[in-house]
Amino acid sequence: MEFLPTLIAQYSEEHTTQEPDYLKELVRETHLKVLMPRMLSGHLQGRFLSMISHMLAPKRVLEIGTYTGYSALCLAEGLPPDGKIVTLDINEELEGIVTKYIQKGGFEGKIEYKTGNALEIIPTLQEVWDLVFIDADKINYLEYYHLVFDQVRSDGWIIADNVLWSGKIVEEVKTNDKDTNALLKFNKFVQEDPRVENILLPIRDGLMIARKK
Ligand code: SAH
Ligand code: CA
């Protein structure tokens with residue numbers, strides 16, 4: 001399901017700043033060489049993440065789910081001079097492409113990329129996060145939220161991607177799809193969590209933004 005009428009989506013893209021050339025190149029290389037290129041954030045959502053990063057100027061960002069690095073590179077754009085992103089992915093095969101584009105973007109000192117299972121890595125990270133971007137396996141979204149929550153500073157943010165799951169989240173026929181059910185549970189939990197204020201933005205596949213009170 002596309003959430004926006006095609007012409008509105010197109011017009012929005014046309015009135016959004018272009019991404020830098022190295023990100024266009026990363027999109028091309030991802031489509032040529034990597035499975036499931038649709039997972040990459042892309043132009044509109046990427047510019048949104050870049051804008052958020054410029055607005056919040058976060059010093060410590062955790063990204064769960066690097067894939068080929070597109071969203072991490074967007075989030076890196078607004079970091080202050082002493083800012084840093086830690087980005088995690090379980091798929092070691094993507095290492096070559098991720099490190100290549102971190103270099104092309106000139107973010108070697110700013111993006112720390114770790115491969116492994118995020119569920120195991122997160123508890124070993126001794127940081128206080130200003131911003132956490134959850135974008136890995138949907139089944140563990142709530143687990144990631146719980147794992148990071150105490151390490152997010154008060155007035156910090158948690159953003160979760162794909163929370164509308166191509167519209168499956170509102171389909172009337174209840175599915176047995178594990179991912180859809182996990183996302184329904186996640187969205188309900190955040191909505192009822194008195195520790196946060198949250199907004200579900202229907203950008204691309206749906207972004208849940210929560211601010212820790
Ligand atoms: N954030 C990227 C897209 C991420 S796609 C972008 O917007 O461009 C989701 C990624 O989560 C995949 O690369 C997958 O390998 C990773 N992933 C899935 N399960 C994981 C886990 N348990 N730990 C860490 N990464 C995981
Ligand atoms: Ca995503």
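Heads up: numbering here begins at 1 and tracks the sequence. Counting starts at 1 for both ligands and their atoms, in listed order.
- No side-chain donor from either of Y67 and D135 sits under 3.5 Å from a side-chain acceptor of the other.
- Side-chain atoms of Y70 and E19 form a donor-acceptor pair, as typed in the model, at a separation below 3.5 Å.
- With hydrogens left out, the protein atom closest to atom 10 (C) of ligand 1 is D89 OD2, 3.4 Å, a heavy atom.
- L49 and L131 end up in the same hydrophobic cluster when Ile, Leu, Val, Met, Phe, Trp and Tyr side chains are linked at under 4.5 Å.
- By the 3.5 Å distance cut-off applied to N or O atoms, L119 is not counted among the residues near ligand 1.
- Considering only non-hydrogen protein atoms, atom 21 (C) of ligand 1 sits nearest to Y144 OH, 3.5 Å.
- Considering both main-chain and side-chain atoms, L40 never comes within under 3.5 Å of ligand 1 through any nitrogen or oxygen pair.
- The proximity of T66 to ligand 1, defined as any non-hydrogen pair under 4.0 Å, is limited to the backbone.
- Look at G42 and you'll find every heavy atom at least 4.0 Å from all atoms of ligand 1.
- Geometry note: the Ca ion (ligand 2) is the vertex, D135 OD1 and D161 OD2 are the arms, and the angle is 100° (rounded to 10 degrees).
- Cluster membership for Y141 and I209, using ILVMFWY side-chain heavy atoms within less than 4.5 angstrom, is not shared.
- Ion pairing of E197 with K212 is absent here, as no side-chain N (NZ or NE/NH1/NH2) approaches a carboxylate O to less than 4.0 Å.
- Considering both main-chain and side-chain atoms, A118 comes within under 3.5 Å of ligand 1 through a nitrogen or oxygen pair.
- Annotation for E25: atom CD counts as buried by contact number, over 12 foreign heavy atoms lying within 6.0 Å.
- Scanning the protein for heavy atoms near atom 8 (O) of ligand 1, the closest one is S41 N, 3.2 Å.
- Grouping the Ile, Leu, Val, Met, Phe, Trp and Tyr side chains by contacts below 4.5 angstrom, directly or via other members, places I90 apart from Y144.
- The atoms of ligand 1 that sit less than 4.0 Å from any heavy atom of G116 are 23 (N), 24 (C).
- Side-chain contact of E112 with T87: a donor-acceptor pair under 3.5 Å is absent, judged by distance alone.
- Between N140 and ligand 1, no N or O atom pair is found at a separation short of 3.5 Å.
- Taking atom 9 (C) of ligand 1 as the reference point, the nearest protein heavy-atom neighbour is D135 O, 3.1 Å.
- In this structure, the protein non-hydrogen atom closest to atom 24 (C) of ligand 1 is I90 N, 3.3 Å.
- The protein atom (non-hydrogen) at minimum distance from atom 11 (O) of ligand 1 is A136 CA, 3.4 Å.
- In the vicinity of Y70, heavy-atom distances shorter than 4.0 Å reach the ligand 1 atoms 8 (O).
- Contacts between E63 and ligand 1 below 4.0 angstrom, taking non-hydrogen atoms only, involve the side chain exclusively.
- For D205, every N, O or S atom stays at 3.0 Å or more from the Ca ion (ligand 2).
- In L32, the CG atom is crowded: over 12 heavy atoms of neighbouring residues, nucleotides or ligands sit closer than 6.0 Å.
- A ring-centre distance under 6.0 Å is not found for Y101 and Y22.
- Annotation: atom 18 (C) of ligand 1 to nearest protein heavy atom, D137 N, 3.7 Å.
- Among the atoms of S71, none of the N, O or S atoms falls under 3.0 Å from the Ca ion (ligand 2).
- The shortest contact between atom 22 (N) of ligand 1 and any protein heavy atom is with N117 OD1, 2.9 Å.
- Test T180, D179, D177, N162 against K138 for side chain to side chain donor-acceptor pair (under 3.5 Å) and you get one pass: N162.
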Under the criterion ring pair (Phe, Tyr, Trp, His ring centres under 6.0 Å), I'd like the reasoning laid out for H146 against F186: C-alpha separation, chi angles, the key distance, then a yes or no. CA-CA 10 Å; H146 292 313; F186 173 79; 9.1 Å; no
